Amino acid sequence: MLALTRKKGEALMLNNNIEVTILEIRGDQVKIGVSAPKEVPIYRKEVHLQIQKENEAAASEASLKALKLFSEGK
């Protein structure tokens, strides 16, 4: 992991097209802004993990249904 120190108003660049800016620092909270192309999905980590979990469950369910149909000869 790369750890950087930034002050309010400072930014960092990711992959030449994503800019992360420190907007506000208040106590133990930091407000950040992210500028990225529309096709780049941006999620909070807990939301991203939930999406992954739901996708894995859906894929597993779809695989079980396909296996059941195959075993029934349909």
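Fair warning: this is a prediction, and the values are worked out from it, not measured in the lab.
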List the atom pairs, with distances to 0.1 Å, where a side-chain N or O of residues 3-20 and a protein N or O form a donor-acceptor pair under 3.5 Å, not counting sequence neighbours.
{"from": "R6", "atom 1": "NH1", "to": "A11", "atom 2": "O", "distance (Å)": "3.0"}
{"from": "E10", "atom 1": "OE1", "to": "K7", "atom 2": "N", "distance (Å)": "2.6"}

Identify all side-chain donor-acceptor contacts of residues 26-38 below 3.5 Å with residues at least two apart in sequence or on another chain.
{"from": "R26", "atom 1": "NE", "to": "E24", "atom 2": "OE2", "distance (Å)": "2.8"}
{"from": "R26", "atom 1": "NH2", "to": "E24", "atom 2": "OE2", "distance (Å)": "2.5"}

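In the hydrophobic clustering (ILVMFWY side chains linked at under 4.5 Å, chained through shared members), V47 is joined by Y43, I51. Side-chain contacts under 4.5 Å among hydrophobic residues (ILVMFWY), followed directly or transitively, place L49 with no other residue at all.
Sorted by first and then second residue, the salt bridge (charged side-chain N to carboxylate O under 4.0 Å, His left out) pairs involving residues 43-54 (not counting sequence neighbours) are R44-E46.
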